[in-house]
Amino acid sequence: MAEAAEFQGTRSAPACRWFRHTATLLLGVLLVLGLVQLPAAPAAHADNGGSRTVGVAVDSMTPVAPKQGDTLTISGTVTNHGKSTIFGAHVALRVGPQISGRSDIDDLGQRTGYSPGTDGNEVGGNHRQKIDKLSPGVSRDFTLSVPVKDLDLSRDGVYQLGVSLSGQSSDQPYERVLGIQRTVLPWQPSATEGKKTQVTFMWPLISATRLTARTESDQQQTPIFPNDDLAAELAPGGRLYQLVSLGKSLPITWVIDPDLLATVEAMTKSYELDAPEGKSIPGKGQAVAKQWLNKLQDAVAGHQVVALPFGDPDLASLAHRGKDVSGILSHLQSATELASTTVETILGVKPRTDFAWPVDGAVDTSIVDVATSAGAHNVIARSDSLRDPAGTPYTPSAARQIGSGNTAVVADARLSTVFQGDMLRAHDASLAVQRFLAQSLLINKQAPDDERSIVVAPQRMPTTSQAQAMATAIGALSDGRWTQPRDLGDAAKAKPDASANQQVPGPGSYPGSLRAQELTTEAFQEIQRTQNALDSFKVILTSQDRVVTPFGSAIMREMSTSWRGDRRGAADFRNAVQSYLAQLTRTVNLISKSDMTLSGRSATIPVSVHNGLLQRIDGLNLVLKSSQPNRLKVDESQDVKIEGGRSQTVKFETRANANGPVQVTAQLYTDDGEPYGDPVKFTVHVTSITPMVLLVIAGGVLLLVLAGLRIYLQRRKRSAARGGEGDGPDGDAGDTGDSGPDDGRPEQPGDPDPDTGSQNSDPSGSGEKVDR
């Protein structure tokens, strides 16, 4: 090694020049002969991430499913995300290989950099658009128009399509691919020779919970909304308006929450909005609400309508956390019954109510049991929940028989989720449409000789942009080249595939991310407490529907799927319902009473009851109880019936047996013996039965006895005096001449009465007044 190094270090300059010239000459000969090639400038496949320098967005592609003779037009933007200016650039279309499997479309979205082996060559001809200069952070629009015949699509199927920008940059002055966006192109220029796939697209018309049980205290029960946001969704351009407008001309099955219809119908009349300081202001959405309902009535004509249970209850929450709360499952049955009545009354069509739709189509045995308990014999699941066996060569039909006469309608997961996410950006919506169409074509190509029924169950509340993308995709299938539309009811009756999974997974398979969003057991307990309070309240009402209907609907809304991910909002809603019910029950109450004093052995105690409702109350008993019945005895119970907006005073007879304070409690009870409202307690002071009073009474009695005795003695004395005068004829007494009346002279006016001579000798003059 040392010798070699020394030799190299001592090589003469002429020898080195001769070596270089010889090597150059030899290389030139080889190049001429074509035996070797010089390394090219760094190519697109060796740009070490340079193909991500420019962002390429495909905003639109028309037609989305071209036919023979069409011209494919692709529009979008390119944006320089690098730090160097790009020059000499152009945008071109690249046709990649045909895609053979559905999972390949998923893989397509995960690749970002340019790959010359799979992204294909640029489409030749004058189909490029030049972009001379693109500074850092700058965007440029592009539009490419390419006749389909120039795409060289050999056979029917799905092709990878790429839009790339190639150019140079100041730091790397040679042409290379600086950015690429991939999409897919379904190619079926004419109707398939095999059987077409039957496609059912569920079109959900569902909204967040908007209406509580609160109403104005008027005869019309004017509803009070928290805000007027729903009016904005119903107005032209709003989400619900767009869903109705787009769905009208599409081959779809309407899936409707009847609560939305009931809420909008309430808006067609007078309604109020919450305002600060507990006040309210008039709502202004009557016109748009009427217009939307009329538009919906026209849109659903001729279409199948499926009504979910009223309020769209969260079936998974009920199954996992609510069914063990006594009485909760009865609300699901009531919600199902109310659904049919509501839709038929407002829209004039009879809906199907035998379908249940758990959140995201995630099912387990407990969810199926709860869903079918209310009469929904068809449960809409999703293929990522009820999975088919590995290695199944094609996508089976949606219908699966799961026992007990029930059917699982298994929606395709890829088709159902393709429109999720932010569709506000045009390139996201465009890619979603192309993927949907490509997936549907690949399903048909899997088994072209077998007719299969596929169901699409998208997100429950699609945004306006999502709905527009969905409508574009459904519209592209309307020419029936490889699909045919089918109602959901027919899809549920389709013959199941023998190889399809018909075994519902157990509760342990339910996704943890979805379970974390469920209503809690405590929430269902609160819901049932509200129901119990309503049951206790309604028994005293003579017009129960004025209270039971709005509160019953509010209780159903408390279980809505719209509360997923919003536990605080759900709790606030429940509290608002409970508080308003408590407020109403307190309008029928006992009026507070101050302490009172009884001044005799018997007296009446008045107790007043107030009815602040606008209806007559009945079925109440007012009970008065004395804490010391041996001292103060009270008549215990009286019936209470009061007209609306009035008060009534009930009088109780009492009997006092001893003096002192006695606590008395007044309490209202329903006819079944349950306490109603808060009791009223007051003190009765018994002061008329005292020792002084007894002494006065005894003295009076004694005086009466003595007076009677004296009168009796005086009469005895007079009788004795009269007996002495009668002895004169028998003895000398009559001849004594002691009395002047018989002295032979006439009686003078001033002479004393002979009947009172003996009394005049009594010193008491009062005896005469008493006798007289």
Side-chain angles (χ1 to χ4, degrees), residues 204 206-212 255 257-260 307-339 353 355-376 378-382 384-386 406 408 411 457 459-461 504-532 552-578:
I206 302 170
S207 181
T209 300
R210 305 282 185 176
L211 191 59
T212 71
V255 181
D257 177 9
D259 178 32
L260 174 61
L308 299 175
F310 191 96
D312 188 19
D314 191 337
L315 300 175
S317 294
L318 282 167
H320 297 153
R321 305 172 190 252
K323 67 179 181 180
D324 293 332
V325 178
S326 178
I328 280 293
L329 288 184
S330 64
H331 298 296
L332 182 59
Q333 180 66 44
S334 300
T336 301
E337 295 170 355
L338 182 59
T353 59
F355 284 88
W357 188 14
V359 172
D360 288 353
V363 296
D364 58 31
T365 51
S366 64
I367 295 174
V368 171
D369 290 343
V370 166
T372 56
S373 67
N378 302 297
V379 181
I380 300 168
R382 210 166 67 185
D384 54 353
S385 178
L386 206 158
N406 300 316
Q459 55 273 33
R460 258 177 159 73
M461 290 187 281
V504 178
S509 65
Y510 193 77
S513 58
L514 291 178
R515 192 181 290 270
Q517 298 176 353
E518 294 176 348
L519 293 171
T520 63
T521 302
E522 291 74 16
F524 286 109
Q525 290 171 343
E526 289 180 18
I527 291 170
Q528 196 56 32
R529 280 196 291 270
T530 302
Q531 181 64 56
N532 294 338
S553 299
I555 289 173
M556 295 175 194
R557 294 178 182 120
E558 292 179 348
M559 301 184 294
S560 173
T561 58
S562 65
W563 298 121
R564 286 210 163 220
D566 186 16
R567 285 195 175 182
R568 174 62 62 84
D572 290 345
F573 185 88
R574 291 194 302 272
N575 291 336
V577 174
Q578 290 175 347

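We're numbering straight along the sequence, starting at 1.
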Determine, stepwise, if the pair D360 / D384 fulfils side-chain contact (heavy atoms from CB on, under 4.5 Å).
-> CA-CA 10 Å; D360 288 353; D384 54 353; over 6 Å; no
Atom pair CZ (F573) and CG (D566), whose distance is rounded to the nearest 0.5 Å | 12.0 Å
Would you say the side chain of L519 lies within less than 4.5 Å of the side chain of R574, judging by non-hydrogen atoms?
-> yes
Using atom types as modelled and distance alone, determine if a side-chain donor or acceptor of S560 lies under 3.5 Å from a backbone N or O of W563.
-> no
Might you point out which heavy atoms bring L332 and P313 nearest each other, and give the distance in Å?
-> CD1-CG, 3.7 Å
Minimum heavy-atom distance between F355 and L308, given as atom pair plus value | O-CD2, 4.4 Å
Under the side-chain contact (heavy atoms from CB on, under 4.5 Å) criterion, do T521 and D324 qualify, and how do the steps go?
-> CA-CA 9 Å; T521 302; D324 293 332; over 6 Å; no
CD/Q531 to OG/S326 distance, rounded to the nearest 0.5 angstrom?
-> 11.5 Å
What pair of heavy atoms forms the shortest contact from L338 to M556, and how long is it?
-> CD2-SD, 3.9 Å
Might you work through the side-chain contact (heavy atoms from CB on, under 4.5 Å) test for I380 and V255, ending with a clear yes or no?
-> CA-CA 12 Å; I380 300 168; V255 181; 5.8 Å; no
Distance in Å, K323 NZ paired with S366 OG, rounded so as to fall on 0.5 Å steps | 5.0 Å
Spacing of E558 atom CD and I527 atom CD1 [to the nearest 0.5 Å] = 5.0 Å
For the student: nearest non-hydrogen atoms of A362 and S385, plus distance = CA-OG, 3.5 Å
Is R564 reaching over with its side chain to a backbone N or O of L514, donor-acceptor style, under 3.5 angstrom?
-> yes
Is Y510 close to P507 at the side-chain level, that is, under 4.5 Å between some pair of heavy atoms?
-> no
Just how far is it from atom CG of D257 to atom CZ of R460, taken to the nearest 0.5 Å?
-> 9.0 Å
Do T561 and D312 get their side chains close enough for a donor-acceptor pair, meaning under 3.5 Å?
-> yes
Quick one: closest heavy-atom pair of S330 and G327, and the distance?
-> OG-O, 2.5 Å
Closest heavy-atom contact between A554 and T212?
-> CB-C, 4.4 Å
Kindly compute the distance separating CD (Q333) from CD (E337), expressed to the nearest 0.5 Å.
-> 4.5 Å
List the steps and the verdict of side-chain contact (heavy atoms from CB on, under 4.5 Å) for T520 and R567.
-> CA-CA 9 Å; T520 63; R567 285 195 175 182; 3.5 Å; yes
Using a 4.5 Å cut-off on heavy atoms from C-beta on, say whether the side chain of H320 contacts that of I367.
-> yes
Using distance alone, with no hydrogens and no angle criterion, decide if T336 and T353 have a side-chain donor and acceptor under 3.5 Å apart.
-> no
Min side-chain heavy-atom separation T372-V379 under 4.5 Å | yes
Under a 4.5 Å cut-off applied to non-hydrogen side-chain atoms, are H331 and P309 in contact?
-> no
